[in-house]
Structure formats: structure tokens, C-alpha cells
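Computation of the quantities below employed the complete heavy-atom set of this structure, encompassing side-chain atoms and omitting hydrogens, waters and symmetry-equivalent molecules. From a predicted model like this one, the values you see are computed outputs, not experimental measurements. Each ligand, and each atom within it, is numbered from 1 in the order the structure gives. Counting begins at 1 with the first residue of the sequence.
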Amino acid sequence: MIKVPRGTQDILPEQSYKWQTVETIIRDTCNVYQYKEIRTPIFEHTELFTRGVGDTTDIVQKEMYTFEDRGNRSLTLRPEGTASTVRAYVEHKLFGQPDQPVKLYYMGPMFRYERQQAGRYRQFVQFGIEAIGSADPAVDAEVIALAMDVYKKAGLKDLKLVLNSLGDAASRNAHKEALVAHFAPRINEFCGDCQQRLEKNPLRILDCKRDRDHELMATAPKLTDYLNEESAAYFDRVKAYLDALEIPYELDPNLVRGLDYYNHTAFEIMSTASGFGAITTLAGGGRYNGLVEELGGPSSPGIGFAMSIERLLLALEAEKVELEDTSASDAYIIALGDAPKMEAMRLVKQLRDAGVSAEMDYADRKLKAQMKSADRKKAAYVFILGEDELASQTVQIKHMATGEQQLVAIPEAVTYLQKHKEESR
Ligand code: ATP
Ligand code: MG
């Protein structure tokens, strides 16, 4: 038997309605914040990611699905959305638009060759936003507020926002030197990755999952102690805006995002729900003031975040939040006999034409079996149409929640249902 590839999953109807509900919340939230959707290709030139994500990152070094196409181009299934969005911002000269920042969101599958575990897939769906073209710390607060809103609207309560500042290039360089001095004498006690990071990108040692508990980690020089005046002032503004929006946060000087191009604000949103499992990060984001230039555009600052729908759904499960199933049918039509079935076909079509979700039985089963189906399908109303009803051009309409039943003339059935559906809203 052929099964789905490791790290991927089928989303069946009993789950897909949850995805749809969450996707609707996301699109509505982006709309109220006026972020517009951008859709970029699923694969890009490999170079986009080696440059845009950074060739010292885990993503580029270990996780990319890279292949050669039949024209010998090196292409990569996108592992994240920021590089593609910024590429499009440069390629379509969105930096020339009069209104900056350009506020974009994306939602779609991303691909990373990872070890499969709960909350970690090889194909997963990321929703992310990017506000490109403004260095206003108010934008940082807006981006964070949008992410928090999505989780809150979905019904999550056990959330924690963790915040840090990586500072500007000068601050980072001063910090980098201090890091090298701190780790170099004992770097042989660290994993091979960290030994490489010491030369290429020492900041990322702090992000290492294997050496997390090494004693030198806790005593490592903190970025926040190396922020120059300008960077510290910027960070203070971000915090002040978050305070104004009444969004609580925790400061974590060791929070460094995995991607090379971040500076200033870095943040993660975690789930604090008990039983959420080992991976508690729901979303990560931050500022990337050098990325547009790195990808061939003019110097334009940007900030964004990304979250996966998979982890959002896991968090909902951990908090036992039930999402409404808006895909349940309004009406289930039970026909008993040949002639009633003919009439039922017409009735179902009329209901559907009127925008009512309706279906009927195709197995010609007995009343009891059909009632059970209607129940399983969570139909709000059941129509019963037998020979007697047909003779008097009527239909029995039963409201499943109350058990109330009424005899309605067939030509009025559609309006009857519309009216009652409206009232029960
Ligand atoms: P992690 O440290 O968990 O590997 P990351 O730094 O690789 O995270 P980002 O690249 O910042 O994560 O991606 C942003 C968000 O995308 C994460 O917070 C998480 O919600 C989600 N995400 C990342 N990788 C996966 C994956 N393999 N499966 C499901 N969701 C993922
Ligand atoms: Mg990762």
C-alpha cells in the first residue's frame, strides 16, 4: 500500500472544516489590519534562499528540498515565505509605491526536510505577514498585535509573547566579538554545528537545541547589554507601543531567530497550555532591515512574522477549544418511495439555489436509517417526504435541536427554512 510521504498528512473532512475556520479568521484579521494577500510560486531559484535566508542557517544547510529541473536550473521548494515576498517587492518595484510600508500577507504550504515530530512536518502551511518600507517602531507593534489577534480570535488564551532586540549592525558586531571571546576557549565542548557557527555566525550558538543546557549558555554576553543608544531607544519605543496596546510581553535576551537577516525587534509567541508538548513556539518574527538590499532592492526596512496553521490547531486542541463546524448541512431530505424521491430531487435543488446547504439519501433506506444519517451529519433540519405528504403537496420539517415538527406546503418549504435559519442565528 502506498502511504503519504513522511512528514506530510492528508486533511480529511473531520479536520478540514477547522482549517477553513482558521483560514477565515486569518483573512478577516488581515483585512481589518489592511494587509493584502500576495501569492508567490511554490518553488523559486535556490539562490533566493541561500541569499535571503542565509547559508549558515539550518534551513539552507539541512532542510531544503532542492532539485534540478529538466533545464538544469537549481530550484527549491520554498521553505518559508519572507524571501519570496521580498523578492516580489523588489521585482515589481513595490518600493516605488507612494504608500509605505507595503503590507502583505501570504498563506500556503512550505517545505522543510525535518525530523518528524508533533508540530513539525515536512510540508506545513504557514501564514505570515510582511510590512516592508518603514522603520517606524509602531509598525513592529502593529505586526505583533495582528499575530496576537489571530490567536485570540481563534479562541486561544494561554499565550506568551517573548521579545528581544538584536540591535543594529554596529550593536550586533560589538556583541559578536564578545560572543567569540566567550565561547572560543571552550568551543570543543560544543557540537560540530556550534563549532562552525563560532566562525560564521556566533549568535546562532545561542539558538542551538543540542547545547542549550551548557553552562556557558546562561553566562553568555547578552545582546541587550550591547545595544547602542539608537538601538536601545528604538526598542523602548516598540515596548511603549505594546504597552499602549495593552499587549503584555516577557523579555528574553537569549531569543535569537534562526534566520540571518534579522535585526532590532525579534519575537516569538508561545503556547503556555499544559500538554502542548515539547515544541511551544507558535509563531516567530522580527525586523529585517538589510534583506531588501540583500535581494537587489534599495535599502528598505521590513518586519514580519510567520506561524503555522498546524501548530495553531495543536494549541487549540491543547486548550480544548472547539471550532464551529460551519460546513454542517442545513437540511437533510428524507424521501420514502419513488415518486417522493423525484419530488425530493427538485426540493434539494431549490434549497441549494436559495443558498441553503442541503442533501438527500441515495441508498433508498428506511426512515430510521435516514434519520440516523441526518443526525450524524449534524443537519439542522430534516425534511420527510412520503407518499402521504406528496399527495397533499406537503413536507414534514423537523428541527433537530428542539424536536419540533411542522407540516409545510412544498412551495413554501424553502422560504420556511430560510426564515427559521435566520431566526436561529
Ligand atoms: P523551530 O525552532 O521550531 O524549528 P523555526 O525557527 O524553524 O522554528 P520559523 O522558520 O521562524 O521557525 O517559522 C515560523 C513558524 O513556522 C514557527 O514558529 C512554527 O509555527 C512554524 N513552523 C516552522 N517549521 C515548522 C514545521 N516543520 N512544521 C510545522 N510548523 C513549522
Ligand atoms: Mg526550524
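- Those atoms of ligand 1 that come under 4.0 Å of a heavy atom in Gly284, given as number and element, are 18 (O).
- Distance alone, capped at 3.5 Å, places no donor-acceptor pair between the Asn263 side chain and the Gly167 backbone.
- At a 4.0 Å heavy-atom cut-off, ligand 1 touches Gln126 through the side chain alone.
- Taking the charged nitrogens against the carboxylate oxygens, Asp193 and Lys62 do have a contact shorter than 4.0 Å, which makes a salt bridge.
- The part of Leu282 lying near ligand 1 is the backbone, judged by heavy-atom distances below 4.0 Å.
- Ligand 1 lies within reach of Lys209, whose nearest heavy atom is under 4.0 Å from it.
- The part of Arg112 lying near ligand 1 is the side chain, judged by heavy-atom distances below 4.0 Å.
- Atom CZ of Arg73 is surrounded by 12 or fewer heavy atoms from other residues, nucleotides or ligands within 6.0 Å.
- Against a heavy-atom cut-off of under 4.0 Å, Gly119 is close to the following atoms of ligand 1: 28 (N), 29 (C), 30 (N).
- Test Arg115, Arg197, Lys209 against Asp58 for salt bridge (charged side-chain N to carboxylate O under 4.0 Å, His left out) and you get one pass: Arg197.
- Residue Glu114 approaches ligand 1 through these ligand atoms, each under 4.0 Å from one of its heavy atoms: 24 (N), 25 (C), 26 (C), 27 (N).
- Both the backbone and the side chain of Ser308 come within 4.0 Å of ligand 1, judged by heavy-atom distances.
- By the 6.0 Å and 45° rule, Arg122 stacks over the aromatic ring of Tyr113.
- In the displayed structure, Gln195 atom CD is contacted under 6.0 Å by more than 12 heavy atoms of other residues, nucleotides or ligands.
- By the 3.5 Å distance cut-off applied to N or O atoms, Glu310 is not counted among the residues near ligand 1.
- Thr265 approaches Val238 most closely through the heavy-atom pair OG1-CG2, 3.7 Å.
- Atoms of ligand 1 found under 4.0 Å from any heavy atom of Ala283, numbered from 1 in the order shown, are 18 (O).
- Salt-bridge check for Asp361 with Arg365: passed, with a basic side-chain N closer than 4.0 Å to an acidic carboxylate O.
- Glu80 does not count as a contact of ligand 1, since none of its heavy atoms falls under 4.0 Å from the ligand.
- Between Ala306 and ligand 1, a contact under 3.5 Å exists for no N or O pair.
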